[in-house]
Protein chains: 2
Amino acid sequence: MLTGVIDMTLDERKKRILESIIKDYVETAEPVGSRAIVKKHNLRISAATVRNEMADLEDLGYLEQPHTSAGRIPSESGFRYYVDCMMERETLVDDEVELLQKILKDNLQDWDEVIQSIGSFLSQVTRYTSFIIVPTIKFDEFKYIQLVPVEKGKAMVIVVTDTGVLMHRRIDVPESVNSRDVQSINEVFNRLFAGKKLTELRRTDLQSLRDDLKKRKKAIDSMLEAIDNLTENTGEEKVVISGILNMLNEPEFKDLEKLKKILTILEADTALKNLLPEASGEAVDITIGRENRLDEAKEMSIVLAGYKVFGEIGRVGVIGPVRMEYWKAAGTVESVRTIIDEVLKKHYHG
Amino acid sequence: MLTGVIDMTLDERKKRILESIIKDYVETAEPVGSRAIVKKHNLRISAATVRNEMADLEDLGYLEQPHTSAGRIPSESGFRYYVDCMMERETLVDDEVELLQKILKDNLQDWDEVIQSIGSFLSQVTRYTSFIIVPTIKFDEFKYIQLVPVEKGKAMVIVVTDTGVLMHRRIDVPESVNSRDVQSINEVFNRLFAGKKLTELRRTDLQSLRDDLKKRKKAIDSMLEAIDNLTENTGEEKVVISGILNMLNEPEFKDLEKLKKILTILEADTALKNLLPEASGEAVDITIGRENRLDEAKEMSIVLAGYKVFGEIGRVGVIGPVRMEYWKAAGTVESVRTIIDEVLKKHYHG
DNA sequence: ATTAGCACTCAATGAGGTCGAGTGCTAACA
DNA sequence: TGTTAGCACTCGACCTCATTGAGTGCTAAT
């Protein structure tokens, strides 16, 4: 029976025992027995005492027993309690920080590379599967627009925004359009759009533009369509996943059916985006097992943080089994987020 | 005993039996017994006769027995014989062809999208894992070079080649460089490079260029470095893989260790490129089991064909278990290759 | 050459039996 | 009152052994 009063704060000994069980279980993936604990963590009490405490912890819902004659494993509430009330994050060591910073600096010219590198770094350090959601960068202004003829009847529209994003589309142009036409089209477009807000562009009186350049109507139409297309397409967040293989090492996913569920989620960008909680500012957010929205992910845990790019919030984190090294994962994700923010601020915001 | 003479060409009845065994085995993944065959494919002979023939086929090395009291399964030589001497490719039906063509047309503006779509189409139709290797396009000529200032001290170098490839790099420029400088730099670069072969560029007398524009030396150096960088980086073929999940459905990979091996290969671009045979012109190439170079892929089969882009050869195909529907895979890969070639020719070569 | 018949083989399946880690309870102890 | 030793009990893991049945190879008849 309980002591009558339900105490949210556990006494030190219970905490110590809960922690021991969590550490052992996370390491071995096996139920933990009373004797094993006393030995390994050399607590100065007997196994019988531990058993009593364990019974209490079970009543509180922090532990559970797979079957009568097995040891205890932490319940999801157990992990939750640990994460909320006891855990200390294990941030990256200096070497790792340096390594990451170096990786980033080496790839700074190419934004895609940066993301990839961070992802694979994160998954390597944590040994879980990492994900990075790159937010839609809602650029405000066109910086630069250019039509480049590529071959007969084909051209490429290049748009650069003030946030340094480059987009392109191939379009068809009438073969009659010559290089002088192209040049004047470019001039017109740049004069018209450069520095304009996206929202303004949408209201731009396209009609007048068409009238203005009736002769090259066809080419201009294509170009406008392409630009429209480009600006629409930025609606999609990009998802980068790394270290899926790490999943296979977790004993909880030796069951092919479970594995398939997980991989299915990871393969479908939309499902994953749906699963991940919103990044709420700075904090590292931890979602444990059944706390997850998707049924298919009820046996997974997610550790995630938000980072800022050009005013938008992106998400970065890891996903793994409920039996996760939360201390390491949370610390690493936090460090990585900080470093991303720093690097971005320094190199992309001027 | 054999008939004495070793005949490479099997008689009709043996062929029929071999084929039946292959079809059944591919479908069920279970050893096939003599009775089952007679029934299912209603051959007009008795099980005992089939048994005799099967014994012969085993002596020839085309069948093997997991253990005495099991049925037979095709050996790798068996599959090889079937593929070489008997198989008829099952090409895409019209609906599928149309679907693919539609998918391609919808995504034509973006080369990356095209590749992705083809990959996922291929893996969906075959139910195996598909791969596409996009070759290095060794562009010959610079079409267009542009330096676009993005924010203070930062700019973007954009290069378009005559093959319609767009590349970019972010670079640092001294803050003193103003928009007039940028314009004149652009003019110089375009005058100098446009239409130049890559090889020529490397020999271009950069010294004179520098002298010419001493004042903007810093910016120009950065730009040259970026361009150099870009042209070097094209050394990497791109690898796109799709439908990895299909692997999980194959009973031969229910063993986690095997699965891990395969996924490891698929995750490492270099390993995969190494594994895949060179695409030899037009033909569909089939590699069965131990014919593969990598030890880790001795239980896999690969069906692959080459396609041409701008004179370079790319590779497209599927990878799956030795127990593969070669007829379907080969036919599909062939169809897809043809369609890629057509679409590329029509839309990218002018 | 083909086939029916039959003895033989061997993986798969399931039923007992043993083992041991781990528990819960009770009674003794500080 | 909290802690501990002792002990009976539980139950999954593992081993063994017998049964089953699909499938074979061989032999003798057609």
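Letters A, B, ... mirror the listed sequences (proteins, then strands); counts begin at 1.
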Please list every donor-acceptor pair under 3.5 Å in which a side-chain atom of residues 47-55 of chain A meets a protein atom from a residue at least two apart or in another chain.
| unit_1 | atom_1 | unit_2 | atom_2 | d |
| --- | --- | --- | --- | --- |
| A/Thr49 | OG1 | A/Ser46 | OG | 3.1 |
| A/Arg51 | NH1 | A/Ser34 | OG | 3.2 |
| A/Glu53 | OE1 | A/Lys14 | NZ | 2.9 |
| A/Glu53 | OE2 | A/Arg13 | NE | 2.7 |
| A/Glu53 | OE2 | A/Arg13 | NH2 | 2.9 |

Salt bridge (Lys or Arg N to Asp or Glu O under 4.0 Å) filter on A/Glu19, not counting sequence neighbours, yields none
Protein-proximity profile, nucleotides 16-22 of chain C, B/S/- by nucleotide at the 4.0 Å heavy-atom cutoff, equals -----BS
Residues 264-277 of chain A vs salt bridge (charged side-chain N to carboxylate O under 4.0 Å, His left out), sequence neighbours excluded, gives none
C/dT2 phosphate, OP1 or OP2: any side-chain N/O from B/Thr49 under 4.0 angstrom? no
Contacts of A/Glu64 meeting side chain to side chain donor-acceptor pair (under 3.5 Å) (sequence neighbours excluded), chain-then-number -> none
DNA chain D: first to last nucleotide in contact with chain A (atom under 4.0 angstrom from a heavy atom), 5' to 3', is D/dT3 to D/dG12
What one should report as the nearest heavy-atom pair of A/Glu291 and A/Ile286 is OE1-O, 3.9 Å
Sorted by chain and number, sequence neighbours left out, side chain to side chain contact (heavy atoms under 4.5 Å, CB included) with A/Glu90 holds for A/Trp327, A/Lys328
B/Asp84 meets the side chain to side chain donor-acceptor pair (under 3.5 Å) criterion, sequence neighbours left out, with B/Arg80
Across all chains, not counting sequence neighbours, the ring-ring contact (aromatic ring centres under 6.0 Å, His included) partners of A/Phe131 are none
Side chain to side chain donor-acceptor pair (under 3.5 Å) filter on B/Arg35, not counting sequence neighbours, yields none
With five pairs defining each end axis, the helix from C/dA1-D/dT30 to C/dA30-D/dT1 comes out bent, to 10°, by 20°
Whichever of B/Ile45 and B/Pro66 has the more 5' nearest nucleotide on DNA chain C, that residue is B/Ile45
Side chain to side chain contact (heavy atoms under 4.5 Å, CB included) filter on B/Thr68, not counting sequence neighbours, yields none
